[in-house]
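Heads up: the structure comes next, in C-alpha cells.
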Amino acid sequence: MSDRKYFGTDGIRGRVGEYPITPEFMLRLGWAAGQAFKQDGQRNSVLIGKDTRLSGYMFESALEAGLSAAGVDVKLLGPMPTPAIAYLTRTFRASAGIVISASHNPHHDNGIKFFSPAGTKLDDALETEIEKWLDKPIEVCGSKELGKAFRVDDAPGRYVEFCKSTVPNEFSLEGLHIVLDCAHGATYHVAPKVFRELGAKISVVGGEPDGLNINLNVGSTHMESLSRAVLEKQADLGIAFDGDGDRVLMVDRDGSEVDGDELLYVIAAQRHAAGTLKGGVVGTLMTNLGVELALREQGIDFERAKVGDRYVMERLIDRGWLLGGEGSGHMVIRDCTSTGDGIVSALQVLLAIRRAGSSLADLRQGMSKLPQKMINVRVDQRFDPLGREDIVRAVESAEAKLGGGGRVLLRASGTEPLIRVMTEGQDETQIVKIAEELAVVVENSRA
C-alpha cells in the first residue's frame with residue numbers, strides 16, 4: 001500500500017470533516033471512480049449504500065454528484081450492510097458498488113469501500129487507477145450524458161432472501177432463542193428478519209440507530225451488552241455484528257465470547273467431518289496459533305495471508321479453497337458469497353451447530369487458543385516497524401526468549417495511525433511482558 005495516497009487495506013477511512021473525509025473530496029472521488037469504472041459503448045451504473053452514520057447523507061449526495069458529472073447512473077440503496085452492496089452489485093450487473101461506512105469505528109469516522117462488478121473488493125490496480133483520476137481536474141460531461149439517480153426501494157427484501165438462500169431449504173432455527181446485537185448499524189432492519197423467518201425466537205439489542213450511536217458500547221467491538229442479554233434472557237446464544245455488518249462474533253449460552261478464530265474452526269471442523277470443506281483454510285498473520293494446531297490435527301491444511309479479508313480472499317482463490325477468516329470476525333465463505341458477510345457467516349455457524357446436534361459452547365471446545373497479547377501503539381504517521389533497526393533487534397530478542405514456542409508480529413494498521421504489536425505463546429505472563437517491552441521500543445522509535 002506504500003504507493004497509495006488514499007487507499008488503505010479496506011478503502012479510504014478517517015475522521016469526518018478532516019481531509020480526505022470531506023464533501024469536496026467525496027465529490028472528486030465520485031467523479032474519479034466514475035471515470036475509472038466507465039466502459040465505453042454502454043450505460044454505466046454504480047450502486048451506493050451506507051451504514052447508519054449521520055454523515056452518510058452528506059457523502060452520499062457528494063458521491064452521487066461526482067458520478068453524475070462523469071456520466072454514470074447511480075442506484076441509491078440507503079442503509080444496508082456492506083456485503084449486501086456486494087451482492088446487489090452482482091445482481092444489478094452494475095459497474096461497481098460503493099459503501100459509505102467506517103465499519104466498527106465510532107460515528108465521527110467514516111469511509112468509502114468499493115466493490116467490483118463481481119462483488120469483490122477492488123484489486124490494487126483499479127484503486128491506483130482511481131487515484132490517478134483524483135489528480136486530474138473534474139470535467140463534466142455534456143448535459144445529455146449526465147448520470148441519473150434512482151432509489152432501490154426493495155433492496156432490503158432482496159438481501160434478506162439472499163441470506164436465507166445460503167442455507168439448505170430444510171434448515172430451521174425452530175426452538176432456538178437468539179439475541180442479536182446489530183450495533184445500531186446497517187444490519188438493524190435486515191438481520192432480525194433473516195433469523196425470524198428461519199424460525200428462531202429473536203431478541204435484539206443495538207437495533208435503534210439515531211445516526212450517532214453506531215458501535216456505541218454495542219456490537220462486535222463491545223460484547224458486554226450481548227453477554228448480559230444472553231444471560232438475562234437465558235438465550236441459547238448471541239450474535240454480534242459490527243456497524244456495517246461484514247463481521248460477526250458470538251456469545252455462547254454461558255455468556256462467554258466466541259471470537260472469529262473459534263467460529264472459523266467450528267465451520268471448518270464440521271465441513272471437514274461432512275466432506276464439504278473442499279481444501280484447506282486460510283487465516284491471517286494474526287490468527288491464533290491454536291486454530292492452526294487444531295486444524296492440522298484433523299488433517300486440514302492451513303495457510304496464513306496478510307491481514308485483511310481481501311488478502312484472505314486472494315489466497316483462497318489462488319488455492320481454490322472455500323473458507324477463510326480473521327479473529328475479528330471477518331469470514332470469507334466462497335461457496336456462499338463473494339465477500340465477508342456477518343449474517344451469512346453466522347448462518348454457517350448455526351448450520352454447523354444443527355448438523356452436529358450440539359451447542360456452540362460444546363463445539364468451541366474442539367480447539368484451545370494460545371495466550372495472545374495485542375498492544376496498539378498510536379503514531380503520528382504509519383511506518384513499517386520492521387524497517388527500523390532498533391525494532392528489528394528487539395523483535396529478534398523477543399523471538400529468542402520464546403524459543404520457537406510462540407510468535408511475534410509487528411505491523412502497521414491499514415486503516416488507522418497505529419502500529420500493532422502482537423505476541424503469542426504458551427506462557428501468558430511471558431507474552432504480556434514481551435509485548436509491553438516491544439510496545440515501549442516502538443513508542444521510543446516513533447520519535
Side-chain angles (χ1 to χ4, degrees), residues 83 120 163 166-168 171 173 220 236-241 246-252 256-370 372 407 424:
T120 58
C163 290
T166 62
V167 290
F171 175 73
L173 295 175
S220 62
D236 294 292
L237 55 88
I239 300 173
F241 304 107
D246 63 356
R247 67 173 70 178
V248 62
L249 298 182
M250 291 191 180
V251 167
D252 67 20
S256 300
E257 180 180 334
V258 185
D259 69 14
D261 286 345
E262 294 170 290
L263 297 177
L264 183 64
Y265 168 78
V266 167
I267 298 172
Q270 191 283 320
R271 284 188 167 208
H272 178 66
T276 59
L277 183 57
K278 297 182 181 178
V281 174
V282 173
T284 73
L285 296 172
M286 302 297 292
T287 300
N288 193 281
L289 186 58
V291 177
E292 180 175 354
L293 296 175
L295 291 177
R296 292 197 183 281
E297 188 175 328
Q298 297 185 40
I300 301 172
D301 290 337
F302 179 84
E303 292 189 5
R304 295 179 185 271
K306 291 190 292 185
V307 175
D309 60 331
R310 64 186 294 165
Y311 301 114
V312 172
M313 176 65 85
E314 287 175 3
R315 183 66 62 85
L316 288 171
I317 292 172
D318 287 344
R319 293 304 306 267
W321 295 353
L322 300 179
L323 181 63
E326 302 183 277
S328 61
H330 276 125
M331 278 185 275
V332 179
I333 306 171
R334 289 182 57 224
D335 55 344
C336 292
T337 187
S338 62
T339 189
D341 188 315
I343 295 175
V344 169
S345 298
L347 289 175
Q348 288 299 304
V349 175
L350 293 169
L351 181 61
I353 290 170
R354 283 301 207 207
R355 285 178 168 170
S358 188
S359 69
L360 179 60
D362 292 335
L363 292 182
R364 67 181 300 204
Q365 302 303 318
M367 63 159 282
S368 297
K369 292 173 61 180
L370 269 64
Q372 195 178 77
R407 297 192 303 135
E424 188 176 52

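Just so we're clear, the structure is a prediction, and the values are computed from it rather than from any experiment. One-based numbering along the sequence shown.
Atom CG of Asp309 is separated from atom CE of Met331 by 11.5 Å, given to the nearest 0.5 angstrom. Interatomic distance, CZ of Arg407 versus CD of Gln372, reported as 6.5 Å (0.5 Å rounding). Atom CG of Leu323 sits about 5.0 Å away from atom CG of Leu264, to the nearest 0.5 Å. Distance CE/Met250 to OG/Ser256: 14.5 Å, rounded to 0.5 Å.
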What side-chain donor-acceptor pairs closer than 3.5 Å can you find for residues 287-297, not counting sequence neighbours?
| from | atom 1 | to | atom 2 | distance (Å) |
| --- | --- | --- | --- | --- |
| Thr287 | OG1 | Thr284 | N | 2.7 |
| Thr287 | OG1 | Thr284 | O | 3.3 |
| Asn288 | OD1 | Gly290 | N | 2.8 |
| Asn288 | OD1 | Leu370 | N | 2.9 |
| Asn288 | ND2 | Leu370 | O | 2.8 |
| Asn288 | ND2 | Glu424 | OE2 | 3.3 |
| Glu292 | OE1 | Arg304 | NE | 3.4 |
| Glu292 | OE1 | Arg304 | NH2 | 3.0 |
| Glu292 | OE2 | Arg296 | NE | 3.3 |
| Arg296 | NH2 | Phe302 | O | 2.5 |

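By the side chain to side chain contact (heavy atoms under 4.5 Å, CB included) test, Thr120 is found to be paired with Ser116, Ala118, Ser338, residues two or more places apart in sequence or in another chain being considered. For Gln298, the side chain to side chain contact (heavy atoms under 4.5 Å, CB included) criterion is met by Tyr265, Ala269, His272, Ile300, not counting sequence neighbours. For Asp236, there are no salt bridge (Lys or Arg N to Asp or Glu O under 4.0 Å) partners two or more places apart in sequence or in a different chain. For the salt bridge (Lys or Arg N to Asp or Glu O under 4.0 Å) test, no residue two or more places apart in sequence or in another chain qualifies with Asp261. In this structure Ala273 satisfies the side chain to side chain contact (heavy atoms under 4.5 Å, CB included) test with no other residue, sequence neighbours excluded. The salt bridge (Lys or Arg N to Asp or Glu O under 4.0 Å) search around Asp362 returns Arg253, not counting sequence neighbours.
The shortest side-chain heavy-atom distance between Leu237 and Val349 does not fall under the 4.5 Å cut-off. The shortest distance between side-chain heavy atoms of His330 and Val312 does not fall below 4.5 Å. When side chains are defined from C-beta on, Pro83 does not count as touching Ile343, because their heavy atoms never get closer than 4.5 Å. When side chains are defined from C-beta on, Ile353 counts as touching Leu363, because their heavy atoms get closer than 4.5 Å. Taking the side chain as every heavy atom from C-beta outward, Arg334 and Met313 approach each other to under 4.5 Å. Thr339 places none of its side-chain heavy atoms less than 4.5 Å from the side chain of Asp246. Looking only at side-chain heavy atoms (C-beta outward), Asp335 and Lys278 stay at 4.5 Å or farther from each other. Taking the side chain as every heavy atom from C-beta outward, Lys369 and Asp259 approach each other to under 4.5 Å.
Annotation: salt bridge (Lys or Arg N to Asp or Glu O under 4.0 Å) contacts involving residues 336-349, sequence neighbours excluded, are absent. For residues 319-332, the salt bridge (Lys or Arg N to Asp or Glu O under 4.0 Å) pairs, not counting sequence neighbours, are Glu303-Arg319. Within the structure, side chain to side chain donor-acceptor pair (under 3.5 Å) contacts touching residues 342-358 (residues at least two apart or in different chains) are Arg271-Gln348.
Nearest approach of Val344 to Cys163, heavy atoms of both residues: CG2-SG, 4.3 Å. Considering every non-hydrogen atom in both Val282 and Ala305, the closest pair reads CG1-CB, 4.0 Å.
With hydrogens and angles disregarded, no donor-acceptor distance shorter than 3.5 Å links the side chain of Arg247 to the backbone of Gly340.
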